[in-house]
**Q** 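First the structure, then my questions, so here it is.
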Amino acid sequence: GKGNFKIRLITTLYQYRGNNPCIDTTEKILYFKPKNPVAISNVNICRGDEADIKVESDTGTVIKWFRNPAGSSVHTGGNYNLGKIQKNDTFYIKAYNYACESGFTRLIITLNDYPSHPQISDDSICLNAKANLEAKSSIGNTEWYKDSTYLPFYTGNVYQTGSLTKDATFFVRANNNGCYSPYFKTVTAFVDNSFAPDEPIIS
């Protein structure tokens with residue numbers, strides 16, 4: 001396993017005569033090379049939120065942040081609170097274990113706007129027909145849920161259901177790189193044979 005290990009070298013000189021050998025001891029610490037740091041928090045920041053960026057490398061290492069790999073460090077530590085940023089930003093981070101260094105990791109921090117609610121279009125269909133439901137997002141992607149507590153089962157502006165025998169309601173919200181619309185909205189497929197057109201008039 002990785003660790004800084006103390007190595008001891010003992011040199012013994014035995015005399016030709018006598019029972020007291022001469023002993024000399026030297027100690028040295030061998031340091032390991034740390035792995036490249038990685039972000040452990042989301043680097044897609046929603047506009048108006050705090051940009052509190054967390055990174056990590058091997059235990060016991062020191063992480064330094066740079067604007068330019070050739071420049072001086074601007075921050076030291078595994079956590080960097082940038083406040084409420086107004087634009088995208090880029091850092092280069094490196095882990096140090098005394099004289100041993102990792103490589104640089106390029107860390108891109110992206111600012112994203114919160115999307116508004118998707119524009120909803122319900123559908124009315126006959127029994128055993130398929131519905132085309134629409135929830136169009138201005139930015140980001142529209143996520144579709146069968147229940148607001150589950151994971152999304154579909155992503156896109158238009159969802160075509162299977163053949164339906166009763167009304168079906170789905171939950172939708174807009175997702176722009178982790179920035180979500182204010183709350184879930186519902187889209188419904190109404191199913192009834194009364195939606196069928198009248199018989200054609202013939203002559």
**Q** Is it true that atom CZ of F153 has more than 12 heavy atoms of other residues, nucleotides or ligands lying nearer than 6.0 Å?
**A** yes
**Q** Identify the heavy atoms of V191 and D167 that sit nearest to each other, and give their distance.
**A** N-OD1, 2.6 Å
**Q** Rounded to the nearest 0.5 Å, what separation is found between the CD atom of E134 and the OG atom of S121?
**A** 4.5 Å
**Q** Regarding D89 and K87, does a basic nitrogen lie under 4.0 Å from an acidic carboxylate oxygen?
**A** no
**Q** Would you say the side-chain atoms of N97 and N4 include a donor-acceptor pair closer than 3.5 Å?
**A** yes
**Q** Apply side-chain contact (heavy atoms from CB on, under 4.5 Å) to the pair V187 and D122, showing each step before the final yes or no.
**A** CA-CA 6 Å; V187 190; D122 297 323; 3.6 Å; yes
**Q** Ignoring hydrogens and geometry, is there a side-chain-to-backbone donor-acceptor pair from Q15 to N20 under 3.5 Å?
**A** yes
**Q** Might you point out which heavy atoms bring S116 and S138 nearest each other, and give the distance in Å?
**A** OG-OG, 3.6 Å
**Q** Please report the shortest heavy-atom distance between C100 and Y31, naming the atom on each side.
**A** SG-O, 3.5 Å
**Q** Using the rule that Ile, Leu, Val, Met, Phe, Trp and Tyr join whenever any side-chain heavy atoms are under 4.5 Å apart, tell me whether V38 and I93 fall into a single cluster.
**A** no
**Q** Parallel under 30°, tilted from 30 to 60°, perpendicular over 60°: which one fits the rings of W65 and H75?
**A** perpendicular
**Q** Would you sort out whether I45 and I53 count as a side-chain contact (heavy atoms from CB on, under 4.5 Å), showing the intermediate values?
**A** CA-CA 9 Å; I45 307 301; I53 310 300; 4.0 Å; yes
**Q** Does F5 have more than 12 heavy atoms from other residues, nucleotides or ligands lying within 6.0 Å of its CZ?
**A** yes
**Q** Using side-chain heavy atoms (C-beta onward) and a distance below 4.5 Å, is F91 in contact with L82?
**A** yes
**Q** I need the minimum non-hydrogen distance between N81 and E50, along with the two atoms involved.
**A** OD1-OE1, 3.0 Å
**Q** For a side-chain contact (heavy atoms from CB on, under 4.5 Å) check, start with the C-alpha distance between Q86 and R47, then their side-chain angles and the critical distance, and finish with the verdict.
**A** CA-CA 7 Å; Q86 299 300 316; R47 189 179 298 277; 4.1 Å; yes
**Q** Check whether any side-chain heavy atom of I108 lies under 4.5 Å from a side-chain heavy atom of N88, and answer yes or no.
**A** no
**Q** Look at the side-chain heavy atoms of Ile, Leu, Val, Met, Phe, Trp and Tyr, link any pair under 4.5 Å apart, and say whether F171 and L133 land in one connected group.
**A** no
**Q** Specify the closest pair of heavy atoms between S57 and A95, including all atoms of both residues, with the distance to one decimal.
**A** OG-CB, 3.5 Å
**Q** Backbone N or O of T110 within a donor-acceptor pair of the N44 side chain at under 3.5 Å?
**A** no
**Q** Can you find a side-chain donor-acceptor pair between Y114 and D49 that sits under 3.5 Å?
**A** yes
**Q** Determine, for D58 against K33, whether the closest basic-nitrogen to carboxylate-oxygen distance falls under 4.0 angstrom.
**A** no
**Q** Do the two ring centres, one from F170 and one from Y154, sit under 6.0 Å apart?
**A** no
**Q** Counting N and O atoms only, with roles assigned by atom type, does the side chain of N128 sit under 3.5 Å from a partner on the main chain of S163, one being a donor and the other an acceptor?
**A** no
**Q** So, T186 side chain and T169 main chain: donor-acceptor pair closer than 3.5 Å or not?
**A** no
**Q** Would the number of heavy atoms belonging to other residues, nucleotides or ligands and lying under 6.0 Å from NZ of K2 be above 12?
**A** yes
**Q** Compare every heavy atom of V74 with every heavy atom of Y80, then report the nearest pair and how far apart it is.
**A** OH-O, 4.2 Å
